[in-house]
Structures are given as structure tokens and as C-alpha cells.
Amino acid sequence: MQLSSLLERFNEPETLKMAKLGRELRAQGIDVIDLSLGEPDFDTPQHVKDAAIKAINDNWSHYTPVAGFLDLREAVCTKLKRDNNLDYKPENIVTSTGAKQSLANAILALVDEGDEVIIPTPYWVTYSELVKIARGKVVEVRTTPEAGFKITPEQLEASITDKSKVFMFSSPCNPSGAVYTKEELTALAEVFKKHPHIYILSDEIYEYINFIGEHESIAQFPELKERIVIINGLSKGFAMTGWRLGYIAANPAVAKACEKLQGQITSGTCSITQKAAVVALTGDLKPSQEMTEEFTRRKNRVMELIKDIPGVKCFEPQGAFYIFPDVSSYFGKSDGTTTINNSGDFCMYVLNTAHVSSVMGDAFGEPNCVRFSFANSLPNIERAWARVKDALAKLK
Ligand code: PMP
């Protein structure tokens with residue numbers, strides 16, 4: 001069979017591949033602890049579930065407008081004002097089946113063949129692949145743990161060319177946990193002001209999972225707002241990954257373009273989810289805050305556990321629910337049977353020996369690191385890291 005050449009241009013998500021390998025080992029009766037996947041291990045807040053049940057009983061069972069119900073788009077605007085002090089109208093908002101689709105819409109709406117898309121490393125696995133799907137050119141800018149895994153204004157300036165079309169990043173960042181402060185964003189904004197041909201995709205899906213204070217959006221700079229596409233959704237902050245609700249806030253031309261694309265691919269997202277999302281976005285944030293408190297406890301514990309493991313250097317995450325340690329000191333070592341040559345080998349060794357799944361850093365554009373989630377219970381986290389420590393001790 002001759003499949004399309006498109007399929008050869010991009011990779012399947014490494015995160016999903018690792019989760020699949022973990023499931024296969026589990027099916028063989030092995031007790032695998034999954035630290036590979038990126039989803040909260042909490043239940044969706046009760047008031048949101050109640051709203052969904054009500055929506056079913058009220059027969060919200062038909063097709064919806066492609067961009068989402070008007071009351072949902074208004075709820076997104078209410079949220080953006082309440083949490084971020086940003087003024088948007090429903091015409092700026094397009095809801096979708098998840099931030100992943102919103103990102104895909106935005107990239108396909110903005111990127112033409114050969115356009116350059118600047119992405120600081122480490123980045124979420126899907127960013128580079130979406131750019132490849134759109135036939136754009138990925139321009140990686142390598143950040144370091146010493147720089148807090150953040151791009152500096154100088155690095156940004158140096159990466160910009162006439163062909164630059166989009167800059168995309170997440171804060172809080174998956175996988176590094178870096179969170180940009182207002183000062184850091186101000187410095188980047190100064191660079192963007194000098195280059196009016198660049199759009200900025202600001203992925204804020206981990207907004208609520210922030211350990212250092214207020215979330216700052218780059219959309220707060222009025223001179224840039226027209227060129228900014230905020231990407232957000234309910235998956236992380238409300239523990240609603242399976243409900244599939246993402247959204248963008250963008251200028252009306254970009255919003256219309258995303259709506260046009262989505263109209264030929266999925267149409268509007270699930271009607272029940274949309275009705276529940278109105279309640280999530282405008283309702284009580286206490287359950288979300290409690291989740292973040294629990295993530296903070298786990299982050300602190302993981303940072304303690306990892307201190308005891310020789311050769312693992314780890315930047316302390318400021319948000320999201322991952323640690324992204326540098327494990328390169330293990331490259332070249334062996335347990336007598338398996339030699340670790342790169343982060344992929346490291347992950348496979350940890351999976352096969354410690355039965356803990358993780359994701360190799362290459363998938364995020366950072367080959368020295370590996371991503372371990374702490375979206376798992378504290379007892380599982382304790383067990384997982386004890387096993388990883390034992391497995392790593394065998395490497396000489
Ligand atoms: N952006 C980032 C940075 C993510 O980590 C994820 C999910 N892992 C998404 C977007 C996609 O989220 P959604 O479930 O809303 O599609």
C-alpha cells in the first residue's frame with residue numbers, strides 16, 4: 001500500500017509510545033509505574049460533572065457551532081478577564097477538542113511551506129511535528145538548566161530572520177517546568193516589538209499548576225496582543241483530559257482561519273463537554289487550587305528523592321507536573337548487559353529494569369534529559385524513585 005508522504009514527515013508522539021510500552025509490560029503481569037504520561041491523576045471537580053449530567057438530561061445532544069456555543073466563548077472571555085486581566089470578545093475565541101487541536105489549527109492557519117517557526121528547547125513533543133506537518137521549518141533555540149530552561153532576549157533576537165513566522169512556547173513549560181516571570185516576558189516582548197512579522201503562540205495550558213506565584217501571559221503587552229495566539233484548555237487545570245476542550249484567543253482573522261480549518265476536520269467539540277466547560281471556567285477554582293497544592297507537595301518530595309541519586313542533575317520545576325533531569329552522566333555506562341548511549345536507552349533501561357516509564361529528552365529537543373511525571377500518587381512516586389535509584393546503581 002502506498003500511504004501519503006505526509007506520514008513520513010512527522011513522528012508519532014513519544015509520550016504515547018512510552019505509555020503503550022508500559023501497558024504492554026503491564027499486560028504481562030509486570031507492576032509498571034507510569035511516570036510517562038502528562039495527565040492529572042485526579043477526578044474532575046463534582047460541580048463540573050454535575051453540569052455535564054444536566055447537559056445530557058437537557059438534551060444538549062446536537063451539533064454545535066464550529067467555534068463553540070456562544071455562552072462557552074463568553075465564559076472563556078470571563079476567565080481571561082478574571083485570571084489574566086485580558087479583554088477578549090467571543091469573536092476572538094475558538095474552542096476545540098483540546099489544546100492539541102487548537103495548536104494544530106493555529107499552526108496550519110499561520111505557517112506556509114518554508115516559514116520558520118522558532119521553538120525554544122525543551123518543548124512539548126507535538127510542537128515540532130505540527131510544524132513539519134505544515135511544511136514549515138523548525139528553528140530550535142537551545143536553552144540550558146543554568147538559564148532556567150528559558151530563552152534569553154539575545155537568543156531570541158539571534159534566531160529571527162526574514163522568514164520567521166511564529167514563535168511558540170509554553171509557560172509553565174512541559175517538560176522543563178520553567179515559568180516565565182513578568183520581567184522575563186517584558187524583555188522578550190521588547191524583541192518582538194522590533195519584529196512585527198512574527199506571531200507568538202503562547203501555550204498556557206499549565207497556567208494553574210504554578211509553584212512560584214501569579215501566572216503571567218505574554219498577551220498582557222498591548223503592542224503585541226494582535227499577534228498573540230493564546231492556547232489554553234481544561235485538560236490540566238481541571239483534570240479533564242478525556243473531555244477534550246481546548247481554546248484559542250486570537251485576533252479575529254486568525255480565529256476565523258482556525259474556525260474554517262476546524263469546520264472541515266472535526267466541527268465543534270462535544271456539546272456536553274462545552275456545557276460543563278462553562279461551569280468549570282466561571283465556577284469555583286478551589287478544586288484546581290487543591291490539585292496544585294498536592295502537585296507542590298509531590299514536586300518537593302521528588303526533588304528530595306532525586307538528590308540521593310548520584311549523577312542526576314535536576315532543575316527544580318516552577319510549574320506543570322514533570323521533572324526533567326539531565327542524565328547524561330550515565331551515557332556510556334553499562335550494567336554488564338545493556339549499555340546506555342542516549343536518553344532513549346536510559347528510558348528503556350529504566351522501564352525494563354525498574355519498571356518505571358518515562359520519556360526520552362530527544363522527543364522534547366533536549367537529548368541529555370529525561371522527563372518523569374509526578375502526576376501519580378505519593379506512594380507510587382516513592383516506590384518508583386526507589387526502584388530507579390537501585391537500577392541506576394547497577395550502571396558502571
Ligand atoms: N500543550 C502542552 C504543553 C501539553 O502538555 C499538552 C498535553 N500534554 C497539550 C498542549 C494538549 O492538551 P489537550 O489535552 O488540551 O489537547
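Quantities reported herein were computed from a predicted structural model and do not represent experimental measurements. Atoms within a ligand are numbered from 1 in the order they appear, just like the ligands themselves.
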Problem set entry | Inter-residue atom distance Ile272.CD1 - Asn59.CG, 0.5 Å rounding | 8.5 Å

Exercise. Centres of the Phe295 and Phe42 rings: under 6.0 Å?
Worked result: yes

Problem set entry | Listed once per pair and sorted, the salt bridge (charged side-chain N to carboxylate O under 4.0 Å, His left out) pairs that draw on residues 347-366, sequence neighbours left out | Arg142-Glu366

Put together the list of close N/O pairs, under 3.5 Å, between ligand 1 and the protein, could you?
unit_1	atom_1	unit_2	atom_2	d
ligand 1	1 (N)	Asp203	OD2	2.6
ligand 1	5 (O)	Asn174	ND2	2.7
ligand 1	5 (O)	Tyr206	OH	2.8
ligand 1	8 (N)	Lys236	NZ	2.7
ligand 1	14 (O)	Ser235	OG	2.7
ligand 1	14 (O)	Arg244	NH1	2.8
ligand 1	15 (O)	Ala99	N	2.6
ligand 1	15 (O)	Ser235	OG	3.2
ligand 1	16 (O)	Ala99	N	3.1
ligand 1	16 (O)	Lys100	N	2.9
ligand 1	16 (O)	Arg244	NH2	2.8

Exercise. Any ion pair linking Glu207 and Lys79 (charged N to carboxylate O, less than 4.0 Å)?
Worked result: yes

Problem set entry | Qualifying residues under side-chain hydrogen bond (donor to acceptor under 3.5 Å, both in side chains), relative to Gln318, sequence neighbours excluded | Lys150

Which donor-acceptor pairs under 3.5 Å do the side chains of residues 186-193 make with protein atoms, sequence neighbours left out?
unit_1	atom_1	unit_2	atom_2	d
Thr186	OG1	Lys182	O	2.6
Glu190	OE2	Lys193	NZ	2.9
Lys193	NZ	Glu223	OE2	3.3

